[in-house]
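Here's the structure we're looking at; comments come further down.
Naming convention: chains lettered A, B, ... in sequence-line order (proteins, then strands); numbering from 1 in each chain. Note that the coordinates shown come from a computational prediction; the quantities given were computed from them, not determined experimentally.
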There are 2 protein chains.
Amino acid sequence: MVRIADVAELAGVSKATASRALSGRDHVAEATRKRVVEAAESLQYAPSTAAVGLATGRTRRIGVLMPTVSRWFFSQVLEGVQAALVKHGLDLMLYCALPGTPARERIFRDFMRRKRMDGLIAIGIESSDPEWERLRQIDAPIVGVVGTTPGSSLVAIDDTHAAMRATEHLLALGHREVVFLGGEARDPGAANVHRDRFTGYTRAMTAAGLGASVRHVPAPSTVPGGYAAAVDALGSQDRPTGIVGVCDEVAIGAIIAARRLGLLVPGHVSVTGIDDHEYAEMFSLTTLSQKPRAQGRAAVDLLLARIEDPSLAPSTTSLKARLIVRSSTLALDASVAAPGTRDGSHGP
Amino acid sequence: MVRIADVAELAGVSKATASRALSGRDHVAEATRKRVVEAAESLQYAPSTAAVGLATGRTRRIGVLMPTVSRWFFSQVLEGVQAALVKHGLDLMLYCALPGTPARERIFRDFMRRKRMDGLIAIGIESSDPEWERLRQIDAPIVGVVGTTPGSSLVAIDDTHAAMRATEHLLALGHREVVFLGGEARDPGAANVHRDRFTGYTRAMTAAGLGASVRHVPAPSTVPGGYAAAVDALGSQDRPTGIVGVCDEVAIGAIIAARRLGLLVPGHVSVTGIDDHEYAEMFSLTTLSQKPRAQGRAAVDLLLARIEDPSLAPSTTSLKARLIVRSSTLALDASVAAPGTRDGSHGP
DNA sequence: TTGAAAGCGCTACCAT
DNA sequence: ATGGTAGCGCTTTCAA
C-alpha cells in the first residue's frame, strides 16, 4: 500500500506539503505542487478514505434509503441521485428497506447511525414515529423525496393537484363514470402519495357535482396490480368510461386488461396515469409527467447545501407535473359503446 | 460525539476491554461484558467507521457496479445483493455506470480504487480491457454477475443453453419459422449475454436442420424495444410463427405488438422469453426462469468467502434456467391462420 | 511556502 | 481477564 508519506518522500517534501498539494486547499508553490502530483500519479497513490475520514470528520458518503429499487419511480430517483453524487465525487450507500421485512428493521436498527454518512436521502419513507426517531440519530442532514419528512427538507410533486388535473381532463371530455384505480394503505413507500392523489380525484369529482360517483378500486401500484383490478372494474355491471390510474404502472395494467377484455382504449374506456413512465409512450398513455431523476438531483443539491451549512432551514421543493395528452383518452361522445355494456342499446 | 473512551469510563474499564466486550472477538468476563454493553447503550454509542477502518484495515463496505438500475434483471440482482449484505452487517456502495456516459468514465477513473471497499460485485460489466485494468486496481476481491470477469469469480446462468431450450420448445411444437428477437451489440451490460443466447438459438435451429431459416431482429432489450421490433417482424411479408425473445421484456413487447396488430398469441404467433420477469405471469409468457435475486445472494457468498480467504481460487457458479410453459406458445397445427397472412388461404 | 508534530477514534499487541 | 500503549494514514494547527 502506498501512503502519502511515500508520495512526499518521492517528491522530496513533507507529508504536510504533499497533503496540501494534493487536496489543493492551501497555498503551495506551483513547482512543488506539480512534483507532488506527478509523484502521486507515478505511485498510483489513492488516499485511505478511513484516514481522511478520521482526520476530517467527513465521510464523503451519502446514504440513500428507499423501500424498493425495482419500481420505475424509485429506480429513476436513485439514478438521478447517483449521477449527481458522482459529479461531486461522493459515494452512495444504498439501503433498500421494504416495509414489514426483517431487513428494514435491521437497517433502521443497525445502519442508520451517525458516522457512516454525511447525509441521508430518504425516498418514499412513510415512517412510523419510532423509525423517524432512528433517522434523527444519524445526526446528519436528511432530505426526503416523496413520503413524509417531519422537520427535514422534501422534494416532491403536488400529488393532489396532479390527480385533480388528470380527473378534470377526463371530466372535460364528458366522462361521468370515472373510477380511481390503484393505491392501497399498505403500499410500500407511497401510502400518503396515494392518499393525496385520491384526494385530488375526489376533489375534482366533487367540484363537478359527481361526489356521489366517487369510486375507488384499490390495487398494488404495479402493472399486474392494475391489470387485475381493471379486470374486476371493467368486467362489472356498472363499467366506468374513465379510469384515473394512481400511477402509470396501474394505468398500463388497466389498458392491457381492457384490450384483453375486448374493449378499445380509448374507444370504450379512457385511461389516464400519473408519472410519464418509460412505457407511457408505447401505450399512448395520457398522463401527468413528473421527472423522478430531476427530483433525485434536486434532493442532492438540497442535501449538500445543508451539509455545507447546517444552519440552513429545511425547505420543501414542489415540482409541478405537466399534463401530456396522448391517445388513451377520448371525448365521451366520440366513444363507441362497448360490447356487452348496459348501453348496448346505443351500440353499432 | 460519544467515543469508546466514554463507554469505558462509564463502565469502569479500559478502552481495550470495552472494545473487546463490544466486538465480542475476545474473552471478557460475562459481568464486565454486560456492564460495557449497557454503558454503550445508555450513551447511544456508535463506533466511528473511519476509526475502525483505519485500525483494522477493513471498511465493511462492498461496492456494486452495474450499468443501470432500472431494468428488471439488474434491480433484482441489486436487491438480492443488498439483502445478503444487510444480513452480514455490510454497507453497499452503489455505482451506476451506463456505458458511454461521462459518469461511467468518472466512476472507473475516480471511484474504483482500493481502500474504499473490501470487495466488488460487478454486474453485467462487459469491460473493455482498460476498464478491467482499473477494476484490478481496487486490489480487492471481485465477483462478476453476468458479463465477463476475466480472472474473477462469476455467477450466471448458461445463456446458450437457456436460449437453446426456448428454441427447442418452439421447434418441438412444430414451428419452423422462428425468429430471434432482440439483442444488440451495444446493449448496456449484456452484449455477451445476447451473443450467447443467439448462439443457443442458432444451435437449436441448426440441429433441427433449419440453419437457413435463422433470423435475427435486433432491438434494445426493453419492452418498447421488443414492441417496435415485433411490429416490424410481424408486419413483414414472411411473418414468423414463433418468436424467441432475448429476454422477457422483449418478449412482452412482442406480445403487446402482436395484439395491437390483431394477432392472437399463441393462436397466430407463439412467443417465448428468458427471465421469468415479474410481468411474465400476467402475459402468460412461456419462459426460462432465472432467479436474479438468488444470483445476487450467491455473488455475496462468493465474495465474502474470498475476502475471508484471498487465496481461494476464482470459481464460476452456473445456475440453471428452468422452462416454464405458460400459454404464449402453442403447437403449430393447433394454431389458426392469421389475418392477412400468406397462409390466408387456409383461413377460417 | 514549507516542516514538525499532535491528534482523529479505534484495535491489537504485549504485559500483567 | 484486563490495562497500557503503539500505531493505522491522514489533516491541520503552529513554528520556522
Tell me whether the count of non-hydrogen atoms from other residues, nucleotides or ligands lying under 6.0 Å of [atom1] in [X] goes above 12.
X        : atom1 : result
B/Gln137 : CD    : yes
A/Arg109 : CZ    : yes
B/Glu278 : CD    : yes

* **ring pair (Phe, Tyr, Trp, His ring centres under 6.0 Å): pairs with one or both residues in residues 54-81 of chain A, sequence neighbours excluded** =>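 Found A/Trp72-A/His277.
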Scoring nucleotides 6-16 of chain C by protein non-hydrogen atoms under 4.0 Å (B base, S sugar-phosphate only, - none) yields --BBBBBB---
Do any pairs count as a salt bridge (Lys or Arg N to Asp or Glu O under 4.0 Å) and have a residue in residues 58-69 of chain B, sequence neighbours left out, and if so which ones?
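Checked against salt bridge (Lys or Arg N to Asp or Glu O under 4.0 Å) - neighbours excluded - no pair reaches residues 58-69 of chain B.
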Computed from five pairs at either end and rounded to 10 degrees, the angle between the axes of the helix from C/dT1-D/dA16 to C/dT16-D/dA1 is 30°
Answer yes when A/Arg104 and A/Glu131 have at least one side-chain N-carboxylate O distance shorter than 4.0 Å, and no when they do not.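 Result for this pair is yes, salt bridge flagged.
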Open item on the list: Regarding B/Glu30 and B/Arg33, does a basic nitrogen lie under 4.0 Å from an acidic carboxylate oxygen?
Closed with: yes
- Got a sec? Which of residues 26-35 of chain A come in under 4.0 Å of DNA chain D, heavy atoms?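 Within this stretch, nothing sits under 4.0 Å of the strand.
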Q) Between atom CD in B/Glu9 and atom P in D/dT2, what is the gap in whole Å? A)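 To the nearest whole Å, that distance equals 18 Å.
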Heavy-atom closest pair (B/Arg306 atom, B/Ser153 atom, distance to 0.1 Å) is CD-OG, 3.8 Å
If you look only at distance, which donor and acceptor atoms sit under 3.5 Å apart when one is on a side chain in residues 76-90 of chain A and the other is two or more places apart or in another chain?
from, atom 1, to, atom 2, distance (Å)
A/Gln76, OE1, A/Arg293, NH1, 3.2
A/Glu79, OE1, A/Arg293, NH1, 3.0
A/Glu79, OE1, A/Arg293, NH2, 3.2
A/Glu79, OE2, B/Thr68, OG1, 2.7
A/Glu79, OE2, B/Val69, N, 2.9
A/Glu79, OE2, B/Ser70, N, 3.3
A/Glu79, OE2, B/Ser70, OG, 3.4
A/Gln82, OE1, B/Cys96, N, 2.9

Note to self: Strictly distance-based, threshold 3.5 Å: is any side-chain N or O of B/Asp118 a donor or acceptor partner for the main-chain N or O of B/Ile62?
What the structure shows: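 Pair absent, no side-chain N/O of B/Asp118 close to backbone of B/Ile62.
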